[in-house]
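Please read the structure below before turning to the comments.
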There are 2 protein chains.
Amino acid sequence: MARMDYTRDNMAGLLRSHDINPTHQRIEIAHALFSRQEHLSADQVMAFVNTRHSETSKATVYNTLKLFLDKGLVREVIVDPSKVFYDPNTSPHHHLYEVDSGKLSDIDARSVQISGLPQLPDGMVTEGIDLIVRVRRQR
Amino acid sequence: MARMDYTRDNMAGLLRSHDINPTHQRIEIAHALFSRQEHLSADQVMAFVNTRHSETSKATVYNTLKLFLDKGLVREVIVDPSKVFYDPNTSPHHHLYEVDSGKLSDIDARSVQISGLPQLPDGMVTEGIDLIVRVRRQR
DNA sequence: CCGGAGATTAGACAAAGTCCAGATTGCCTA
DNA sequence: TAGGCAATCTGGACTTTGTCTAATCTCCGG
Ligand SMILES: [Mn+2]
Ligand SMILES: [Mn+2]
Ligand SMILES: [Zn+2]
Ligand SMILES: [Zn+2]
């Protein structure tokens with residue numbers, strides 16, 4: 001995966017390539033996620049997008065994140081019962097979650113092997129396999 | 001693991017063995033979880049406990065589930081962004097989650113091998129490894 | 001019987017997320 | 001250029017899950 005610049009201009013192309021009409025708000029939200037390459041909650045996205053002056057409503061942030069999810073531009077990470085994280089990294093990977101700090105980092109899936117999973121019930125298909133390693137500071 | 005009866009009477013002993021003072025409400029809540037051997041949300045526990053007549057308050061349900069968690073009597077399962085599930089099965093196991101129906105079932109950890117996980121950051125210790133297989137009806 | 005620790009409670013509160021009806025935007029066509 | 005129109009955005013009410021608190025209840029030991 002080649003490194004690239006996540007400028008606002010490049011965001012427009014990225015959105016179009018995922019079949020998303022690039023509006024001002026959508027570009028800002030994509031930029032917040034992709035320029036940082038971090039796992040962000042809706043609240044954090046909201047804060048980043050509205051740092052200078054209020055630009056984007058809460059409804060739009062939530063709608064847009066759901067749209068990005070539907071279109072496969074971002075991924076949802078469910079590790080904290082109190083909020084969902086959105087992940088600009090859609091390549092197959094797992095997560096390391098530091099329960100005290102809430103810090104979430106990626107584990108490349110290529111280095112990890114999972115075997116022995118049971119067969120799926122008939123007519124079912126795997127949507128994804130989430131592996132979360134929960135860690136904390138040693139006491 | 002030998003099969004056993006999860007009668008209310010046996011719940012008292014189970015609670016005591018986990019260093020929990022067995023009160024009426026705690027016995028009812030434990031019974032709701034253990035007699036069913038299912039993953040239940042706080043809301044579902046609340047509903048089961050209060051079927052006949054209102055017996056237990058919301059605060060007590062939440063307090064008690066947290067107490068059970070602290071004492072290691074139950075486990076928390078985070079798969080759905082909208083609610084936490086409580087799991088009476090504390091033996092090492094993974095989960096299969098049917099995203100459409102919300103149905104959650106166990107995968108015995110003994111049949112599954114996970115290898116290649118990276119070393120932990122220094123001073124960190126693993127609290128748990130959650131593996132969730134998300135499946136849906138084939139379209 | 002009394003005191004007090006532990007447990008329970010109602011209900012106010014908070015945070016995350018959803019929903020809706022009205023306003024705005026950006027095009028397309030006449 | 002002036003509508004017309006579909007897509008988008010918005011404030012704010014609303015819902016759901018979970019937390020908190022201060023008052024009350026329970027039960028046991030002295
Ligand atoms: Mn993509
Ligand atoms: Mn146990
Ligand atoms: Zn990630
Ligand atoms: Zn389970």
Side-chain angles (χ1 to χ4, degrees), chain A residues 11-12 15-16 18-33 39-50 52-71 73-74 76-87 99 102 104, chain B residues 8 11-12 15-16 18-33 39-50 52-71 73-87 99 102 104:
Chain A
M11 288 302 98
L15 293 177
R16 266 185 289 263
H18 283 262
D19 205 21
I20 297 167
N21 192 9
T23 65
H24 177 63
Q25 287 87 343
R26 289 169 181 178
I27 287 172
E28 287 300 317
I29 291 171
H31 184 252
L33 279 161
H39 307 86
L40 299 182
S41 65
D43 237 35
Q44 291 176 302
V45 168
M46 181 86 172
F48 283 130
V49 164
N50 290 329
R52 297 167 165 278
H53 45 81
S54 188
E55 288 192 319
T56 306
S57 72
K58 186 173 65 149
T60 297
V61 169
Y62 278 97
N63 290 343
T64 300
L65 288 171
K66 193 160 288 175
L67 176 70
F68 285 5
L69 189 65
D70 283 352
K71 298 293 190 177
L73 182 60
V74 302
E76 222 177 18
V77 184
I78 300 168
V79 285
D80 182 314
S82 75
K83 59 174 84 94
V84 171
F85 287 100
Y86 292 88
D87 190 343
V99 292
L104 189 58
Chain B
R8 287 177 175 76
M11 289 302 100
L15 293 177
R16 266 187 289 262
H18 282 263
D19 204 23
I20 298 167
N21 192 8
T23 65
H24 177 63
Q25 286 87 341
R26 288 169 181 176
I27 288 171
E28 287 301 318
I29 291 171
H31 184 252
L33 279 160
H39 307 85
L40 299 182
S41 66
D43 236 35
Q44 291 176 303
V45 169
M46 181 86 172
F48 283 129
V49 164
N50 290 329
R52 297 170 164 275
H53 45 82
S54 188
E55 288 193 319
T56 305
S57 71
K58 184 171 66 146
T60 296
V61 169
Y62 278 98
N63 289 344
T64 300
L65 290 171
K66 193 159 288 173
L67 176 69
F68 286 4
L69 189 64
D70 284 352
K71 298 294 189 178
L73 182 60
V74 302
R75 173 177 162 177
E76 221 178 21
V77 184
I78 300 168
V79 286
D80 182 312
S82 76
K83 59 176 83 91
V84 172
F85 287 100
Y86 292 88
D87 190 343
V99 293
L104 189 58

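Labels below follow one simple rule: chain letters A, B, ... track the order of the sequence lines, proteins then strands, and each chain is numbered from 1.
Axis orientation changes by 0° from one end of the helix from dC1(C)-dG30(D) to dA30(C)-dT1(D) to the other, with each end axis drawn from 5 pairs and the value rounded to 10°.
Remark on DNA chain D: of its neighbouring residues Lys58(A) and Val61(A), the 5'-side contact belongs to Val61(A), judged by nearest-heavy-atom nucleotide. With DNA chain C read from its 5' end, the first of the two nearest nucleotides for Glu55(B) and Val84(A) is the one closest to Glu55(B).
If you take NZ of Lys66(A) and P of dA16(C), they are 15 Å apart, rounded to a whole angstrom. Look at CG on Asp43(A): it is 8 Å from C1' on dA15(C), rounded to the nearest Å. For His24(A) and dG26(C), the NE2 to P distance is 10 Å, given to the nearest whole Å.
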Decide yes or no on side-chain contact (heavy atoms from CB on, under 4.5 Å) for Gln25(A) and Glu55(A), but give the supporting numbers first. CA-CA 8 Å; Gln25(A) 287 87 343; Glu55(A) 288 192 319; over 6 Å; no

Kindly indicate, with the supporting measurements, whether the criterion side-chain contact (heavy atoms from CB on, under 4.5 Å) is fulfilled by Val79(A) and His39(A). CA-CA 11 Å; Val79(A) 285; His39(A) 307 86; over 6 Å; no

I'd like a table of atom pairs between the protein and nucleotides 24-30 of chain D - only N or O on both sides, under 3.5 Å - with the distance next to each one.
none

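Between Thr23(B) and dG6(C), a side-chain N or O to OP1/OP2 separation shorter than 4.0 Å is absent. For the OP1/OP2 pair of dC9(D) and a distance below 4.0 Å, the side-chain nitrogens and oxygens of Thr60(A) include no atom meeting the criterion. For dT17(D), neither phosphate oxygen OP1 nor OP2 lies less than 4.0 angstrom from any side-chain nitrogen or oxygen of Ser82(B). Put simply, Gln25(A) has no side-chain N or O that comes within less than 4.0 Å of OP1 or OP2 on dT25(C). Side-chain nitrogen and oxygen atoms of Tyr62(B) include none within less than 4.0 Å of the OP1 or OP2 phosphate oxygen of dT19(D). Taking only side-chain nitrogens and oxygens, Asn21(A) comes nearer than 4.0 Å to OP1 or OP2 of dT8(D).
Contact annotation: the side chain of Glu76(B) approaches that of Tyr86(B) to within less than 4.5 Å [non-hydrogen atoms, C-beta and beyond]. Between Thr56(B) and Ile29(B), the closest side-chain pair of non-hydrogen atoms falls below 4.5 Å.
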